[in-house]
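For reference, the structure is listed below as structure tokens.
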Amino acid sequence: MAIDPTFPDPRSLLPADRPIQLLDADGTFTEDPDWPIDLDDAQLAELYRLMVMARQIDAQAITLQRQGQLGVYASLRGQEAAQIGTAFALAAQDFVFPSYREMGVALVRGVDPADLLHVFRGTWLGAHDPAKHRFALITISIATQALHAAGFAMGAKLDGSDSCAVAYMGDGATSEGDAHEAFNFASVFGAPCVFVVQNNQYAISVPLTRQTKAPTIAHKGIGYGMPGYRCDGNDVLGTYAVMRQALRHAREGNGPVLIEAVTYRMEAHTTADDPTRYREDTELEQWRARDPITRLEKFLRDRELVDDEVVETVAQAAKAEAQSVRAALYDAPHGDPMELFSHVYAEPTQQLRDQHELLQAELQGQDA
Amino acid sequence: MAIDPTFPDPRSLLPADRPIQLLDADGTFTEDPDWPIDLDDAQLAELYRLMVMARQIDAQAITLQRQGQLGVYASLRGQEAAQIGTAFALAAQDFVFPSYREMGVALVRGVDPADLLHVFRGTWLGAHDPAKHRFALITISIATQALHAAGFAMGAKLDGSDSCAVAYMGDGATSEGDAHEAFNFASVFGAPCVFVVQNNQYAISVPLTRQTKAPTIAHKGIGYGMPGYRCDGNDVLGTYAVMRQALRHAREGNGPVLIEAVTYRMEAHTTADDPTRYREDTELEQWRARDPITRLEKFLRDRELVDDEVVETVAQAAKAEAQSVRAALYDAPHGDPMELFSHVYAEPTQQLRDQHELLQAELQGQDA
Amino acid sequence: MGAVTLAGALNRALHDAMDADDRVVIFGEDVAELGGVFRVTDRLKERFGEDRCFDTPLAESGIVGTAIGMAMYGYRPVVELQFDGFTYPAFEQITSHLAKMPNRSRGTVQLPVVVRIPFGGGIGAVEHHSESPEALYAHTAGLKIVAPSTPSDAYALLRASISSPDPVLFFEPKRRYWTKEDVELPVTTEPLGEAVVRREGTTATLISYGPTVATCLEAADAAAEEGWDLQVIDVRCLVPLDIATLVDAVEGTGRAIVVHEASVFGGMGAEIAAELLERAFYSLEAPVLRVGGFDIPYPASQLEHYHLPDIDRILDAVERSLAF
Amino acid sequence: MGAVTLAGALNRALHDAMDADDRVVIFGEDVAELGGVFRVTDRLKERFGEDRCFDTPLAESGIVGTAIGMAMYGYRPVVELQFDGFTYPAFEQITSHLAKMPNRSRGTVQLPVVVRIPFGGGIGAVEHHSESPEALYAHTAGLKIVAPSTPSDAYALLRASISSPDPVLFFEPKRRYWTKEDVELPVTTEPLGEAVVRREGTTATLISYGPTVATCLEAADAAAEEGWDLQVIDVRCLVPLDIATLVDAVEGTGRAIVVHEASVFGGMGAEIAAELLERAFYSLEAPVLRVGGFDIPYPASQLEHYHLPDIDRILDAVERSLAF
Ligand SMILES: Cc1ncc(C[n+]2csc(CCOP(=O)(O)OP(=O)(O)O)c2C)c(N)n1
Ligand SMILES: Cc1ncc(C[n+]2csc(CCOP(=O)(O)OP(=O)(O)O)c2C)c(N)n1
Ligand SMILES: [Mg+2]
Ligand SMILES: [Mg+2]
């Protein structure tokens with residue numbers, strides 16, 4: 001009745017007392033032999049480029065929403081390191097199951113950001129092919145995608161493949177029953193799955209203290225027999241190193257890992273939200289000082305991997321990309337309404353055929 | 001971003017390496033200053049009486065089912081210490097939210113066992129008044145009652161009352177989303193709630209290893225910032241001591257506690273189940289040697305609180321009680337079908353009035 | 001008299017109910033600090049304190065499940081599920097417990113719980129924020145299902161729901177939150193289960209509830225120009241359903257069209273049509289027709305106007321009805 | 001030819017489907033070691049190994065949610081939810097994902113998942129083990145809903161469901177698991193979406209599915225003694241619903257009665273009645289009547305026979321229909 005003696009010391013599943021951090025808020029790098037990184041200069045520069053790009057497109061999306069071009073948009077500002085560091089560690093064969101805030105991850109996966117934004121625009125419910133970039137459609141029902149990731153990973157394991165599934169989710173999402181069931185299924189089946197919780201301190205207006213009394217979110221791992229890693233989510237080298245280790249752990253058949261990336265949502269929850277109702281500017285200031293891009297830039301400048309010119313080039317490229325996203329969306333026509341009836345079933349039912357006709361008649365009536 | 005320094009060492013929330021045990025399988029008592037007990041001789045004898053009673057009525061219920069008097073029955077055999085030890089620590093004002101296997105708890109609360117069995121008989125969906133003994137109706141949808149307990153405890157806290165809510169559940173139940181949400185709500189609201197998980201090693205045919213890879217179920221507590229206590233569920237003094245402490249913790253405003261009582265389901269899952277399909281006799285033998293009643297009896301004999309005569313008297317009383325339960329059920333008439341339409345709403349709807357009439361006509365037609 | 005929005009009327013109803021009975025407590029996601037994503041619970045925390053109006057973790061089964069426990073303790077919880085599409089995680093607690101507890105306990109346990117649900121489309125929202133799941137709940141005995149269409153009804157019916165000894169799912173027509181009405185609150189509480197004739201008419205009867213009642217009234221106005229005199233009935237409560245009023249209406253006009261946003265297949269229109277068929281068979285001069293959303297997943301917002309029943313679709317149905 | 005039970009036919013269908021396609025995997029609570037509480041998955045683990053048939057933790061949302069992920073990987077999961085009343089924890093995964101994914105992904109993601117659900121009452125079970133929740137799922141576009149009534153249909157329709165590119169909820173009439181039929185398996189697979197006339201007749205049409213088809217046939221036999229010649233239609237698939245066959249029938253007899261165990265209010269009978277009203281208006285000599293369970297929580301087992309539709313209740317409805 002004692003704990004199985006072959007079980008490694010359960011305490012080894014707990015996160016360390018302080019979050020893993022390789023790059024501090026000032027951009028000072030401290031190596032940690034437990035969390036090695038293997039990035040060459042070009043890769044470091046690429047991380048920087050991706051983060052700047054993400055921020056720029058994000059800003060463009062907010063503008064587009066203000067101009068009535070998007071229905072709503074959920075900004076990732078402040079979370080660039082958490083997203084891009086972790087996504088950068090993925091292998092091509094891995095499959096990502098995002099929430100609605102993962103434009104940074106999408107960028108790394110090569111998904112066209114305009115396609116993602118078409119969903120927020122309301123052109124279509126889904127506008128990219130998930131199989132192509134191994135990046136699922138965004139998920140709005142909180143935490144439900146974690147189960148899809150667990151199931152995908154169970155499939156990968158059955159099939160003997162070396163794909164990992166990765167679920168991205170928020171701090172609030174950890175409260176849902178589905179998060180729990182996903183952690184548990186992945187762990188019971190030893191499935192190669194990594195759960196990346198971006199703890200951005202809020203679920204809309206609800207702060208973390210109202211979400212859980214756990215010492216940290218990473219402390220939830222032990223309850224499933226999976227390691228919980230906790231890292232500074234604004235340190236792109238830290239998030240990369242931790243994700244790299246988590247993927248290796250999962251890929252080698254050791255089951256899932258829970259990662260808590262401690263970060264902050266610098267913008268409103270979505271463009272529909274008014275955060276002044278529930279949080280103080282001073283908090284924002286504190287986090288601004290921990291900006292993930294600034295610190296990476298400092299680090300790269302110190303290493304002379306980046307100078308004013310590079311910074312400018314990257315900024316211009318990001319602006320150009322944002323501009324092309326804008327062009328793709330601005331006043332884009334809406335989709336073909338007759339496609340509403342497609343893909344409900346492989347073959348339309350009698351009702352769908354009738355309704356197809358009805359809508360066609362309505363549209364012709366309006367034209368007439 | 002470090003763990004809140006005012007937070008006590010999170011590791012203090014973890015269970016000890018070995019389950020808490022005061023009375024070993026041979027009935028030898030070892031005091032533990034961390035888990036004091038305060039029972040006088042009469043109370044010790046009462047624990048014994050209740051356990052014998054529970055076993056006897058349980059056996060009677062199985063017989064009644066075999067004789068076609070109950071539709072189905074879920075035996076608690078083997079779990080008497082887990083149930084009666086914990087329930088014995090309850091205060092009158094506490095409120096119990098059971099699953100379907102808690103006849104032992106019900107006995108301690110003073111619920112008429114015949115009333116509980118009427119539910120398994122199918123006479124009514126619920127046959128006792130939950131408010132009277134502060135014991136809710138049995139719950140069959142796994143883990144759902146844990147949320148009712150959490151909500152009740154939230155109410156008690158808002159009201160400034162000193163009631164605790166207690167949810168009983170199985171090891172399998174810990175896999176459901178509702179268990180997770182209940183642990184979390186109780187903890188976030190600091191509600192006086194104790195979750196008693198009777199880990200009887202199986203959920204129907206599914207063994208614990210297929211239910212969770214957690215080091216132990218008690219290790220789930222830390223993920224909610226609540227202490228996880230793990231005890232030998234076949235030691236009635238241990239379960240009592242642990243529950244007493246948990247209730248004190250909760251009642252004093254420290255929030256919920258998770259208790260794992262390690263025990264074994266000696267019978268089939270229910271009378272409809274065939275356990276030979278999924279478990280070995282040798283396992284049963286091992287657990288028979290850890291029987292909760294035998295060990296308490298040994299202890300009481302050693303203390304000279306019980307002798308052959310007492311044992312005989314208690315056995316006779318239990319048999320008499322089981323006999324009266326049998327009498328209350330055997331060939332009892334079924335309920336009044338016209339009551340089916342009552343209590344659906346405080347006032348019946350038009351449909352219900354029509355259907356009431358329809359059924360009345362049908363019954364008259366049959367009489368005619 | 002002042003112009004009151006539907007959201008404002010709901011806020012006032014919550015306020016007045018909390019004032020009248022200190023067992024009324026409000027909780028859900030973002031209801032306290034933020035005042036709800038639609039501000040329906042605005043300032044209630046400030047006014048009544050955080051014991052009476054508080055935010056919960058993000059878990060809908062948790063919200064309804066703990067509301068049940070709180071009601072068993074003696075409170076009258078009024079909880080919010082943030083959007084229609086997020087009621088589904090709470091489906092088991094609603095269907096297996098909230099609905100059944102009074103009956104299975106033979107009346108010894110009452111659950112005076114109100115679950116508020118902003119529902120329906122037309123606000124340009126993303127997925128899962130525009131659903132009309134009322135039929136998914138109306139099929140389960142034990143739940144009252146309410147769906148107001150005007151500010152004064154929103155007030156009156158929410159007060160009645162909070163006072164009801166039965167559990168109530170209260171569907172708020174979210175695209176009508178900003179609809180205004182000149183009315184002095186409080187208005188008298190309406191009993192649950194009474195439909196109301198919103199407009200008298202003789203050509204045919206439009207039957208609706210929630211957000212599409214206004215659409216039906218607009219359709220009736222437009223129809224007047226074509227010489228059709230349409231009656232409009234606001235059902236208000238789907239359970240209990242006021243069949244007498246509906247039968248009365250159809251006995252008058254001989255023709256009925258049920259209008260709702262939900263997909264037609266298996267929607268409330270089916271139940272209403274089936275009831276009218278049975279109870280007003282000889283009065284029906286045409287089949288009861290159903291106008292609703294298509295039998296498809298709720299579409300992306302730029303396409304939702306194709307999906308939602310509008311004046312044209314309603315009048316087309318009137319025409320089809322008249323052709324019988 | 002040999003006598004095959006309905007449960008046996010399902011077991012054989014699973015076996016043959018696994019044999020034919022090694023992407024077919026089976027999981028759920030107690031399906032592997034135990035072979036399912038009704039033994040429908042008996043010996044599949046022994047035959048195909050524990051990679052193809054395995055037990056899961058006790059969590060229904062988990063079962064359906066991981067089935068979706070597995071299907072996205074490329075498998076064809078056939079999962080079991082142990083009882084009708086335990087489908088509700090999976091409601092969100094079924095309604096918001098399983099049903100919608102193909103449409104929202106514009107066909108790029110297919111979800112060939114079958115969810116097996118033993119459903120209905122009449123077996124003397126405890127609470128939540130006798131529900132008929134089919135209407136709660138049929139209202140959501142994107143799901144196919146199948147409910148066989150005979151062993152050979154059970155085989156044929158389960159094979160068709162597993163082959164279907166669309167997600168299917170497969171409702172198994174649990175009180176008919178032991179019904180026998182003389183049939184040689186495999187039988188040819190039936191396409192999903194075709195009703196079948198089980199008995200020809202001219203007086204009136206009984207329309208049913210799943211467990212109550214047999215009751216209807218018994219009622220028709222009993223009615224024959226009274227000189228009534230009842231037609232019996234087994235709908236078999238609720239979605240897609242074979243309306244043409246139903247309309248045909250009603251054009252023949254002029255009278256229809258829909259029979260199911262589910263509560264009448266908001267049940268499938270409403271949809272069928274509303275469709276027939278609209279599509280066969282001039283043929284109806286009486287309203288389409290509905291015979292079902294009462295609008296109450298499913299009762300305790302000793303009282304369930306009062307609740308469930310039986311021969312008397314069906315014949316009483318025939319009489320009422322004929323009185324029009
Ligand atoms: C099941 C469900 N409930 C409620 C919502 C409404 N909602 C959208 S986002 C959100 C907060 C999510 O917080 P978190 O998980 O921390 O992610 P973040 O938005 O901070 O990235 C809520 C409550 C939802 N989308 N899904
Ligand atoms: C939501 C739900 N799913 C499935 C079931 C079917 N079922 C009844 S008991 C049981 C196993 C429960 O195991 P556990 O929680 O360990 O309790 P035990 O029976 O061992 O006391 C299952 C799967 C159920 N009752 N409720
Ligand atoms: Mg967050
Ligand atoms: Mg168990």
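Protein chains get the first letters and strands the later ones, always in sequence-line order, with residue 1 at the start of each.
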Which portion of A/V344 sits near chain D, non-hydrogen atoms under 4.5 angstrom | both

Which answer fits D/D55, side chain, backbone, both or neither, if we ask what part of it has an atom under 4.5 Å from a heavy atom of chain A?
-> backbone

Begin with the C-alpha distance, continue with both residues' side-chain angles, and end with the deciding distance and a verdict on side chain to side chain contact (heavy atoms under 4.5 Å, CB included) for D/I68 and A/F152.
-> CA-CA 8 Å; D/I68 291 170; A/F152 188 97; over 6 Å; no

For chain A, which of D/M72, D/R23, D/R106 has the most heavy-atom pairs under 4.5 Å?
-> D/R106

Given side chain to side chain contact (heavy atoms under 4.5 Å, CB included), test D/I63 with A/E181 step by step and report yes or no.
-> CA-CA 9 Å; D/I63 291 168; A/E181 298 187 14; over 6 Å; no

Which atoms of D/A141 come close to chain A, meaning under 4.5 Å heavy atom to heavy atom: side chain ones, backbone ones, both, or neither?
-> both

When rounded to the nearest 0.5 angstrom, what distance separates OG1 in D/T66 from CE in A/M154?
-> 4.5 Å

Contact class of D/T56 relative to chain A, heavy atoms under 4.5 angstrom | both

When the ring centroid of A/F95 is compared with that of D/Y73, is the distance short of 6.0 Å?
-> no

Mind listing the closest non-hydrogen atom pair of A/L158 and D/F54 along with its distance?
-> CD1-CE2, 4.3 Å

Note: vs chain D, highest number of non-hydrogen pairs under 4.5 angstrom among A/A149, A/G155, A/G126 is A/G155

What part of A/D129 is in contact with chain D, defined as an atom under 4.5 angstrom from a non-hydrogen atom: side chain, backbone, both or neither?
-> both

Chain D contacts, top residue of A/L147, A/D159, A/N184, A/L352 (heavy-atom pairs, under 4.5 Å) = A/L147

If you tally heavy-atom pairs under 4.5 Å between each of D/P102, D/S105, D/G142, D/S164 and chain A, the highest tally belongs to D/G142

Check: D/Q110 and A/H343 side chains under 4.5 Å, non-hydrogen atoms = no

Could you tell me whether A/D354 and D/R279 make a salt bridge, using a distance below 4.0 angstrom between a side-chain N and a carboxylate O?
-> yes

Give a yes or no on whether A/R353 atom CZ has more than 12 heavy-atom contacts from other residues, nucleotides or ligands under 6.0 Å away.
-> yes

Closest heavy-atom pair, D/L143 versus A/Y345, reported as atoms and distance to 0.1 Å, is O-OH, 2.8 Å

Segment of D/E275 engaging chain A (4.5 angstrom heavy-atom cut-off) = side chain

Atom CD of A/E347: over 12 foreign heavy atoms under 6.0 Å = no

Pick from A/S163, A/G151, A/A153: which one has the most heavy-atom pairs with chain D under 4.5 Å?
-> A/G151

Where on A/A131 is there a heavy atom nearer than 4.5 Å to chain D: the side chain, the backbone, both, or neither?
-> neither

Would you mind checking which part of D/P57 comes under 4.5 Å of any heavy atom in chain A, side chain (CB onward), backbone (N, CA, C, O), both or neither?
-> both

D/E60 portion near chain A, given a 4.5 angstrom heavy-atom threshold | backbone

Provide the closest heavy-atom pair for D/P240 versus A/T349 in the form atom of the first, atom of the second, distance.
-> CB-CG2, 3.7 Å

Nearest-0.5 Å distance that lies between atom CD in D/E271 and atom CD in A/Q351 = 6.5 Å

Check each atom of D/K100 against the heavy atoms of chain A and say whether the ones under 4.5 Å are side chain, backbone, both or neither.
-> neither

Among D/T108, D/L241, D/V25, D/D242, which residue forms the greatest number of heavy-atom pairs with chain A at distances under 4.5 Å?
-> D/T108

Is the number of heavy atoms from other residues, nucleotides or ligands within 6.0 Å of CD (D/E50) greater than 12?
-> no

Do the side chain of D/Q93 and the main chain of A/T144 share a donor and acceptor less than 3.5 angstrom apart?
-> yes

Under 4.5 Å, counting heavy-atom pairs only, tell me which of A/S342, A/G177, A/A156 racks up the most with chain D.
-> A/A156

Residue part contacting chain D, namely of A/A182, when any heavy atom lies under 4.5 Å = neither

Answer with side chain, backbone, both or neither: which region of D/D166 has an atom nearer than 4.5 Å to a non-hydrogen atom of chain A?
-> side chain

Please state whether the side chain, the backbone, both or neither of A/L340 comes within less than 4.5 Å of a heavy atom of chain D.
-> backbone

Given that the side chain runs from C-beta out, which part of A/F341 has a heavy atom under 4.5 Å from chain D: side chain, backbone, both or neither?
-> neither

Correct closest heavy-atom pair for D/E92 and A/S141 would be OE2-CB, 3.4 Å

